[in-house]
Number of protein chains: 2
Amino acid sequence: MNQQERILEEFRAVFNKLVWLNRSEMEEALKGHKPSEVHAIEYIGKHSDPNVTRLAEAFYMTRGAISKITKKLLDKGLIESYQSPDNKKEIYFKLTAQGREVFEIHENLHRSFRERDDAVFEKITDEQFESMSRFLDAYTRHLDTEIHKQGIRPEDGPTPE
Amino acid sequence: MNQQERILEEFRAVFNKLVWLNRSEMEEALKGHKPSEVHAIEYIGKHSDPNVTRLAEAFYMTRGAISKITKKLLDKGLIESYQSPDNKKEIYFKLTAQGREVFEIHENLHRSFRERDDAVFEKITDEQFESMSRFLDAYTRHLDTEIHKQGIRPEDGPTPE
DNA sequence: ATTATTTTGTTTCCTTGTCAACAAAAATAT
DNA sequence: ATATTTTTGTTGACAAGGAAACAAAATAAT
């Protein structure tokens, strides 16, 4: 295993550990709501006029899947839908009071996770941070170039926020 | 969004892009085999005496899920099972000739992905590499400590290779 | 040695997401 | 203006994976 594979593998491992560690606490605090539902609530709470298509693009999921999730959230009364007077096709979502509660719990938990790990990030120097950031930027640009080379298929490609 | 969140978010983005870019090519080359099947073939080809439990631990999946995947691979004739004379319970797997073909195609593709991205990794200095590596080690240790604090539940925790 | 506990693999049921087909609305072409 | 194409959201059929229950074998306890 060379340098390249090692660094990517290490990152993957850290990420997995992080996800696994946070999940149990998150699930405990938000019992009764599935991770995908909470995720959608977070997005809806943070963006203006979100609709099924936007959520699907942001989550790299199909519109069908999102449609089912928002249906559940509507049934639970965590979100409500509204439309623009000049567009009868698109359906937007916003949080209800009850949805905002879930949103806040989620935000607070995220804050606590961040604080928990602050120690590690305080120890990295600005140079270290800059170093990683430059690497990531370079890698992203490289991948974008490669994606472009392959002949892009924008309809199923990621369109991150 | 602070430093901490930014760096993690950037890594997630790079990772997603990487997965997405490689997937189409991989699926094209290994048509007829599901990603999870190929993944299992890779593991079986690289480890000695792998069984359902080992695969489940390595992939962070349940034994039930792995059991179904290996069943399919057996039916396809890509792997075969064998047992030790002094253990009638554990069932190990190894690749058949046909399975090795899939294994090789997969390995070659990975090699080509690596070569494709070499340029990016060649540009990072040894200091940069060291810097990232130290950060990752520190983060892993920190998370291990936190996991330990929480009261460990080894039965559903990750047990990476 | 016998009993109790743990490990291993499989199966059934359930949930979640993808895919494909569809209708309604909007955008574009002609 | 009308016709065609694209976008948007929904639904039903299907596949993948998780949870739980289970039997068989191995291990530990007594």
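Residue numbers begin at 1 in each chain, while the letters A, B, ... track the order of the sequences.
Nearest-nucleotide mapping onto DNA chain D: of E37(B) and Y92(A), the residue sitting toward the 5' end is Y92(A). The 5' end of DNA chain C is approached more closely, in terms of each residue's nearest nucleotide, by K34(A) than by the other of K34(A) and E90(A).
When only modelled atom types and interatomic distance are considered, N51(A) and R63(A) share no side-chain donor-acceptor pair under 3.5 Å. In the model, E90(B) has a side-chain atom that pairs as donor or acceptor with a side-chain atom of Y92(B) under 3.5 Å.
For residues 63-79 of chain B, proximity to DNA chain D is found at A65(B), K68(B), I69(B), K72(B), defined as any non-hydrogen atom under 4.0 angstrom from a strand atom.
We find that CD1 of I91(B) is positioned 10 Å from C1' of dA24(D), with the value rounded to whole Å. For the pair N51(B) CG and dA26(D) P, the computed distance is 14 Å after rounding to whole Å. With rounding to whole Å, L55(A) atom CG is found 15 Å from dT10(D) atom C1'. At whole-Å resolution of the value, NZ in K89(B) and P in dT27(D) are 7 Å apart. One can place CD of E57(B) at 18 Å from P of dG17(D), the figure rounded to the nearest angstrom.
D144(B) and K17(A) are joined by a salt bridge, as a carboxylate oxygen and a charged side-chain nitrogen come within less than 4.0 angstrom of each other.
Side-chain atoms of T70(B) come within 3.5 Å of backbone N or O of I66(B) as a donor-acceptor pair.
Under the 6.0 Å cut-off for aromatic ring centres, Y139(B) and F121(A) qualify, their centroids lying closer than that.
For the pair L78(A)/L95(A), no side-chain contact is recorded, criterion being any heavy-atom separation below 4.5 Å from C-beta on. Looking at heavy atoms from C-beta onward, L143(B) lies in side-chain contact with R116(A) at the 4.5 angstrom threshold.
In 5' to 3' order, the nucleotides of DNA chain C bounding all contacts with chain A (an atom under 4.0 Å from a heavy atom) are dT15(C) to dA26(C).
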For residues 31-38 of chain B, which side-chain N or O atoms pair as donor and acceptor with protein atoms under 3.5 Å away, sequence neighbours left out?
unit_1: K31(B); atom_1: NZ; unit_2: E28(B); atom_2: OE1; d: 3.4
unit_1: H33(B); atom_1: ND1; unit_2: K76(B); atom_2: NZ; d: 3.2
unit_1: E37(B); atom_1: OE1; unit_2: K76(B); atom_2: NZ; d: 2.5
unit_1: E37(B); atom_1: OE2; unit_2: K72(B); atom_2: NZ; d: 2.9

